[in-house]
Trainee: 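Structure provided below as structure tokens; questions to follow.
Side chains included, hydrogens not; waters and symmetry mates left out as well; all remaining heavy atoms used. Along the sequence shown, the residues carry numbers beginning at 1. None of the values given here were measured: they were computed from a predicted structure.
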Amino acid sequence: MARKVDQSMQTPLSRTTFLALAGSLLLLPAGHAQASAIPSSTSVAIDLYSPQQLQQRAAALRAQAEASPSGAASETLEKYPQHFTMLAYRNKSGGAEVHARFADVFLIEAGSATLESGGTVVDPKLEEATGETRGSALANARLQQLHAGDIVHIPAGVPHRMKLESGATLLYFVVKVQESRTP
């Protein structure tokens, strides 16, 4: 569990926390971050995950992924009104997916993968409850190499898939941001 930190304490933010928060703010609709929305209290709690905490959680996720046929495991860290954070680990390529209502922001913590994005979902199956489409692969996707330190934003509605080389692993911090789409 994340430490609740009193903002009046002068504790430096980790790079991951700073980037996740900055990325989340970039995704807010125009006019949302108004001065009147900023709390006036100097003792607002924030969530802080140290690199050591993330590595401890990663060890548990690694064990879960190794026991799973999918080669993947994830954990929701915290839920907020318009977004939530996760930590994900994988040791195998994933299937294709499209999120109808959520954008993904990935902060690659360790490892490498090829992000396939765009194109067409092969063998699509809609999950009614979540509004997500999943499939076995992507056809005609754009390929992008991902490495530790990279940050990726995938808007809602964009097909994507993580492809790993044999023996590779990937640990990434995820911010899922609810997007509203206007027709």
Trainee: Please report the closest heavy-atom contact between Leu87 and Arg57, naming both atoms and the distance.
Mentor: CD2-CB, 3.7 Å

Trainee: Could you check whether any side-chain heavy atom of Val152 comes within less than 4.5 Å of a side-chain heavy atom of His160, counting everything from C-beta outward?
Mentor: no

Trainee: Heavy atoms, side chains only, cut-off 4.5 Å: are Phe102 and Gln178 in contact?
Mentor: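 SC-SC contact between Phe102 and Gln178 confirmed.
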
Trainee: Taking only residues two or more places apart in sequence or in another chain, which ones pass salt bridge (Lys or Arg N to Asp or Glu O under 4.0 Å) with Glu66?
Mentor: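 For Glu66, no residue satisfies salt bridge (Lys or Arg N to Asp or Glu O under 4.0 Å) once neighbours in sequence are set aside.
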
Trainee: Is a side-chain N or O of Arg101 found less than 3.5 angstrom from the main chain of Thr130, in a donor-acceptor match?
Mentor: yes

Trainee: What pairs with Lys92 under salt bridge (Lys or Arg N to Asp or Glu O under 4.0 Å), at least two apart in sequence or on another chain?
Mentor: none

Trainee: Look only at the side chain of Thr114 and the backbone of Gln145, and say whether a donor-acceptor pair between them is shorter than 3.5 Å.
Mentor: no

Trainee: How about Asp104 and Tyr172: does a side-chain donor come under 3.5 Å of a side-chain acceptor?
Mentor: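 No, Tyr172 and Asp104 have no side-chain donor paired with an acceptor closer than 3.5 Å.
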
Trainee: Which pair of non-hydrogen atoms, one from Ala96 and one from Ala137, has the smallest distance, and what is that distance?
Mentor: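 Taking Ala96 first and Ala137 second, the nearest heavy atoms are CB-O, 3.3 Å.
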
Trainee: Quick one: does Met162's side chain get under 4.5 Å of Leu146's, heavy atoms only?
Mentor: yes

Trainee: Do side-chain atoms of Glu179 reach the backbone of Ala156 as a donor and acceptor pair under 3.5 angstrom?
Mentor: yes

Trainee: Could you tell me if the side chain of Phe106 sits less than 4.5 Å from the side chain of Asp150, heavy atoms only?
Mentor: no

Trainee: Test of understanding: with ring pair (Phe, Tyr, Trp, His ring centres under 6.0 Å), list the residues that count as partners of Tyr89, not counting sequence neighbours.
Mentor: none

Trainee: Is there side-chain contact between His99 and Lys176, with heavy atoms separated by less than 4.5 Å?
Mentor: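 Side chain of His99 against side chain of Lys176, heavy atoms only: contact under 4.5 Å found.
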
Trainee: Could you tell me if the side chain of Leu143 sits less than 4.5 Å from the side chain of Leu115, heavy atoms only?
Mentor: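 No. Closest side-chain heavy atoms not under 4.5 Å.
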
